[in-house]
Amino acid sequence: QVQLVESGGDLVQPGGSLTLSCAASGFRSGYRAIGWFRQAPGKEREGVACIDSSDGRTHYVDAVKGRFTISRDSAKNIVTLQMNSLKLEDAAVYYCTTGAHPCRAYGGHWHTMWQHTYWGQGTQVSVSS
């Protein structure tokens, strides 16, 4: 069956960096896109970044543009999220997810309109001095 397994969550200081990984397996015919969403305590889950499978196009929400980078290793089916210049407000549980369509299909609204198909179990990112 399909599995998405996140890793890399940790406690970092503000301004620090962290790399999250998502290992995807079990896809019979590949996946359209893989994205990262996050959820902080008391807040709704929100989109962070997405990468489309067919062309590697990347998508980011404004809050992380210029600080986060999503990339993929297609041979290993691993998607990573490089997070730099971390802020207190980046603290959350980060989830890896796939969708029924590539993120480009939603224009700039992928983070709110994406039809999710699978979710990982999440990995905790804490930012504190």
Side-chain angles (χ1 to χ4, degrees):
Q1 72 272 20
V2 172
Q3 279 192 316
L4 299 173
V5 180
E6 304 98 331
S7 62
D10 205 343
L11 169 65
V12 295
Q13 293 184 340
S17 297
L18 202 60
T19 301
L20 304 182
S21 294
C22 172
S25 62
F27 291 90
R28 292 185 177 181
S29 56
Y31 51 83
R32 301 295 181 267
I34 285 187
W36 287 94
F37 280 63
R38 66 187 181 186
Q39 187 167 20
K43 295 187 176 181
E44 292 188 356
R45 194 171 295 188
E46 62 178 6
V48 177
C50 174
I51 186 165
D52 291 334
S53 176
S54 62
D55 58 7
R57 186 180 303 183
T58 57
H59 312 264
Y60 301 93
V61 294
D62 288 343
V64 306
K65 280 182 181 177
R67 300 189 299 121
F68 290 12
T69 302
I70 188 171
S71 61
R72 62 178 180 172
D73 182 334
S74 299
K76 297 180 179 179
N77 271 347
I78 294 176
V79 172
T80 60
L81 183 69
Q82 175 65 43
M83 305 186 294
N84 298 324
S85 302
L86 282 162
K87 303 177 181 180
L88 294 174
E89 53 264 40
D90 293 319
V93 177
Y94 282 69
Y95 297 91
C96 181
T97 178
T98 60
H101 305 286
C103 290
R104 67 178 182 274
Y106 302 98
H109 304 286
W110 62 272
H111 56 294
T112 56
M113 297 178 62
W114 203 16
Q115 294 174 278
H116 300 276
T117 51
Y118 298 98
W119 291 90
Q121 82 288 350
T123 185
Q124 178 72 52
V125 173
S126 301
V127 183
S128 175
S129 54

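We use all heavy atoms of the structure for the numbers below, so side chains are in, but hydrogens, waters and symmetry mates are not.
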Which label fits His116 and Phe37: parallel for a plane angle under 30°, tilted from 30 to 60°, or perpendicular past 60°?
perpendicular

Got a sec: does the CZ of Arg32 have more than 12 other heavy atoms crowding it under 6.0 Å?
no

Pair Lys65 + Asp62, salt bridge at N-O below 4.0 Å
yes

Which pair of heavy atoms, one from [X] and one from [Y], lies closest together, and at what distance?
X	Y	answer
Ala92	Gln124	O-NE2, 3.5 Å
Asp90	Arg67	OD2-NH1, 2.7 Å
Ala33	Pro102	CB-CA, 4.0 Å
Ala91	Ala40	O-CB, 3.6 Å
Thr123	Gly9	OG1-N, 3.0 Å

Validation row: [X], [Y] side chains within 4.5 angstrom (heavy atoms):
X	Y	result
Thr80	Trp36	no
Glu89	Val127	no
Tyr106	His59	no
Glu46	His111	no
Arg38	Val125	no
Trp114	Thr97	yes
Phe27	Asn77	no

Would you kindly say whether [X] and [Y] are connected by a side-chain donor-acceptor distance under 3.5 Å?
X	Y	result
Ser21	Ser7	no
Thr19	Gln82	yes
Arg104	Ser54	yes

Is [X] reaching over with its side chain to a backbone N or O of [Y], donor-acceptor style, under 3.5 angstrom?
X	Y	answer
Glu6	Gln121	yes
Arg57	Asp52	no
Tyr60	Gly66	no

Do you reckon [X] sits in the same ILVMFWY cluster as [Y], going by side-chain contacts under 4.5 Å, direct or chained?
X	Y	value
Ile34	Trp119	yes
Leu11	Leu20	no
Ile78	Tyr95	no
Val2	Tyr31	yes

Would you compute the distance between atom OG of Ser126 and atom CD of Gln13 and round it to the nearest 0.5 angstrom?
13.0 Å

I need the single residue from Ile70, Asn84, Leu81, Val48 that forms a side-chain contact (heavy atoms from CB on, under 4.5 Å) with Val64. Which is it?
Val48

